[in-house]
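For clarity, every value in this text was computed on a predicted model and none was experimentally measured.
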Amino acid sequence: MTGSFYPPQRTLMGPGPSDVHPRVLAAMARQTIGHLDPAFVSLMDEIKALLQYAFQTRNALTMPISAPGSAGMEAMFANLLEPGDKVIVCQNGVFGGRMKENVERCGAEAIMVQDEWGRAVDPDKVESALKAHPDAVALAFVHAETSTGASSDARILCELARAHDCLSIVDAVTSLGGSELRVDDWGIDAIYSGSQKCLSCVPGLSPISFSEAAAERIRKRSTRVQSWFLDMNLIMSYWGTGEQRSYHHIASVNSLYGLHESLVLLKEEGLEQSWARHILHHRALAAGLEALGMQIVVPKAERLVQLNAVSIPQGVDEAEVRRLLLLDWNLEIGAGLGTLAGKVWRIGLMGHAANKKNVLLCLAALQDVLGRVGVECGSGALQAAEAVYLK
Ligand SMILES: Cc1ncc(COP(=O)(O)O)c(C=O)c1O
């Protein structure tokens with residue numbers, strides 16, 4: 001007979017979702033109240049203020065969308081583009097390709113700037129594209145490419161966009177809370193993230209933020225946003241300021257309790273402390289992986305600390321290793337995506353999951369499982385990681 005579902009106790013060290021903080025789970029178990037209840041409206045205001053902190057922005061148009069990161073991505077293009085617009089889109093992994101799809105589905109033209117998967121977006125190529133297309137209205141790129149573990153220089157790319165009169169559209173699904181990100185200081189115009197990575201919340205919400213210049217562009221559109229659900233002009237009737245909130249959709253009430261708690265946790269720790277913690281545990285993991293004979297495929301200066309793409313030792317059945325890690329160690333790591341499928345594993349250290357216990361667990365589990373499938377990988381991984389913590 002079908003009964004209640006009790007998930008196994010896993011440790012999530014893949015590309016997301018990451019482990020949800022127990023305080024977030026506890027917050028989500030509280031009683032559901034109405035989406036227009038004054039108490040809930042106060043919570044919405046707190047969430048907006050906490051998101052402004054997480055994004056480091058004063059943008060009034062800052063809120064979570066009741067849908068996953070992909071909806072945040074779609075909200076950017078659906079609201080900012082009109083048919084016939086031209087957008088420079090950078091692709092150095094899977095998610096730049098999805099941006100292109102979005103641009104084209106809005107009836108706009110995507111000018112692609114391609115970089116090798118596993119490398120950061122090259123600002124020189126972006127500058128050339130901006131010069132070659134002075135009529136482009138926006139530059140779109142992924143700050144933290146989860147499919148490859150590469151981190152691009154958002155500050156420089158946004159500076160280039162501004163110098164060429166373009167709005168910047170930034171994917172921060174995997175960077176928010178885990179890597180340095182300063183929306184106002186870097187002049188980012190439109191940004192979206194996800195709840196399930198470095199915020200340690202459940203999947204299904206997408207924090208977004210628009211600068212005043214972006215908001216102005218949305219207000220001045222000559223055509224209607226083709227998506228009803230993602231039309232910011234309508235969403236603002238619910239998430240806007242003041243007492244007069246009206247029904248747009250029934251918000252994901254309990255998930256928003258969770259997001260609020262995850263943002264409170266981030267504020268308690270401090271944003272910069274959280275960024276530093278992600279760097280520390282990445283360094284320990286990287287040292288341990290190297291001791292196991294594994295290489296992170298991204299050059300050191302371009303690495304995304306919360307997502308480590310490591311090459312798979314020759315002759316190893318990569319799916320079998322992941323199966324054994326899950327079966328015997330209750331540990332989830334990710335497979336490669338796109339051109340890196342079958343070539344890398346993706347090991348995440350995101351949010352609450354970026355901690356010493358997980359680093360040591362992952363190294364011990366890999367040492368065990370790789371040894372069992374016949375890889376000679378020595379026994380120094382835990383010591384190598386410990387040496388980083390002792391420094
Ligand atoms: C960089 C990036 N962008 C967008 C997404 C899409 O987010 P979601 O799966 O929440 O829709 C992801 C998800 O992994 C991502 O890593």
Side-chain angles (χ1 to χ4, degrees), residues 7 9-28 47 50-56 64 68-69 72 95 142-147 149 151 170-183 191-209 252 254-286 303-309 330-334 346-362 385 389:
Q9 290 283 307
R10 307 286 198 213
T11 299
L12 300 181
M13 294 182 71
S18 63
D19 281 340
V20 176
H21 196 287
R23 271 176 55 186
V24 172
L25 290 175
M28 290 180 66
I47 290 173
L50 287 162
L51 280 178
Q52 286 172 328
Y53 169 71
F55 277 127
Q56 291 288 282
F95 294 99
V142 179
H143 183 207
E145 196 23 283
T146 332
S147 65
S151 170
V170 180
D171 178 318
V173 169
T174 293
S175 52
L176 184 67
S179 318
E180 185 175 8
L181 175 64
R182 301 179 187 276
V183 168
I191 188 161
Y192 60 97
S193 187
S195 45
Q196 78 279 26
K197 311 261 184 179
C198 296
L199 296 182
S200 306
C201 185
V202 290
L205 292 172
S206 178
I208 58 167
S209 185
S252 319
N254 291 58
S255 293
L256 288 167
Y257 297 168
L259 181 64
H260 178 268
E261 191 68 18
S262 72
L263 293 167
V264 167
L265 280 159
L266 184 62
K267 187 123 195 234
E268 282 174 5
E269 179 177 14
L271 202 46
E272 296 190 353
Q273 285 76 6
S274 176
W275 300 337
R277 175 170 53 82
H278 283 83
I279 293 172
L280 170 68
H281 296 297
H282 156 77
R283 286 181 43 238
L285 180 72
R303 281 181 193 166
L304 178 59
V305 293
Q306 54 272 47
L307 195 282
N308 303 272
N330 273 309
L331 174 66
E332 178 179 287
I333 65 167
R346 291 181 300 151
I347 305 178
L349 277 173
M350 298 182 183
H352 157 67
N355 63 55
K356 183 173 175 182
K357 178 175 138 285
N358 281 2
V359 168
L360 299 181
L361 170 83
C362 179
Y389 291 120

Point to revise | Modelled atom types, side-chain donor and acceptor of T174 and Q306, under 3.5 Å | key: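 The criterion, which ignores hydrogens and geometry beyond distance, is not satisfied for Q306 and T174.
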Of the non-hydrogen atoms in [X] and [Y], which two are nearest, and what is the gap between them?
X    : Y    : result
G177 : C198 : C-CB, 4.0 Å
S252 : L205 : OG-CD2, 4.0 Å
I208 : G72  : CG2-CA, 4.1 Å
C362 : L331 : CA-CD2, 3.8 Å
G69  : V173 : CA-CG2, 4.4 Å
Y192 : S206 : CB-OG, 4.2 Å

Check your understanding: Which residues satisfy the side-chain contact (heavy atoms from CB on, under 4.5 Å) test with S262, sequence neighbours excluded?
Key ->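 Once residues adjacent in sequence are excluded, the partners of S262 under the side-chain contact (heavy atoms from CB on, under 4.5 Å) criterion are V24, L199, C201, L259.
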Review point. Which residues pass the side-chain contact (heavy atoms from CB on, under 4.5 Å) test with A54, sequence neighbours left out?
Key: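 side-chain contact (heavy atoms from CB on, under 4.5 Å) check on A54 returns L176, L263, L266.
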Point to revise | Results of ring pair (Phe, Tyr, Trp, His ring centres under 6.0 Å) for Y389 - residues two or more places apart only | key: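 Testing Y389 for ring pair (Phe, Tyr, Trp, His ring centres under 6.0 Å), a comparison that skips the adjacent residues, returns H281.
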**Study point:** H21: partners by ring pair (Phe, Tyr, Trp, His ring centres under 6.0 Å), with sequence neighbours left out
**Key:**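 For H21, the residues satisfying ring pair (Phe, Tyr, Trp, His ring centres under 6.0 Å) (neighbours in sequence not counted) are H352.
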Review point. Is it true that a side-chain atom of R277 and a backbone atom of G351 form a donor plus acceptor pair closer than 3.5 Å?
Key: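 Pair found, side chain donor or acceptor close to backbone of G351.
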Roughly how far, to the nearest 0.5 Å, is the [atom2] atom of [Y] from the [atom1] atom of [X]?
X    : Y    : atom1 : atom2 : value
L307 : E145 : CG    : CD    : 9.0 Å
L280 : L285 : CG    : CG    : 11.0 Å
L256 : E261 : CG    : CD    : 13.0 Å
L271 : F55  : CG    : CZ    : 11.0 Å
Q56  : S209 : CD    : OG    : 11.5 Å
H278 : E180 : NE2   : CD    : 14.0 Å

Show every donor-acceptor pair shorter than 3.5 Å between a side-chain atom in residues 11-20 and any protein atom, with sequence neighbours excluded, or say none if there are none.
from, atom 1, to, atom 2, distance (Å)
S18, OG, Q196, O, 3.3
S18, OG, K197, O, 2.7
D19, OD1, L12, N, 3.0

Practice item. Give the intermediate values and the outcome of side chain to side chain contact (heavy atoms under 4.5 Å, CB included) for residues L265 and S200. Key: CA-CA 9 Å; L265 280 159; S200 306; over 6 Å; no
Check your understanding: Given side chains that start at C-beta, do those of S193 and P207 come closer than 4.5 Å, heavy atoms only?
Key ->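 Touching, per the 4.5 Å side-chain cut-off.
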**Study point:** Flag side-chain contact, heavy atom, 4.5 Å: V305 against L349
**Key:**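 No, too far: nothing below the 4.5 Å cut-off.
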**Study point:** L304 and S179: CA distance, side-chain angles, deciding distance, side chain to side chain contact (heavy atoms under 4.5 Å, CB included) verdict
**Key:** CA-CA 8 Å; L304 178 59; S179 318; 4.0 Å; yes
Check your understanding: Mind checking what makes side-chain hydrogen bond (donor to acceptor under 3.5 Å, both in side chains) contact with S151, not counting sequence neighbours?
Key ->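 Applying side-chain hydrogen bond (donor to acceptor under 3.5 Å, both in side chains) to S151 gives none.
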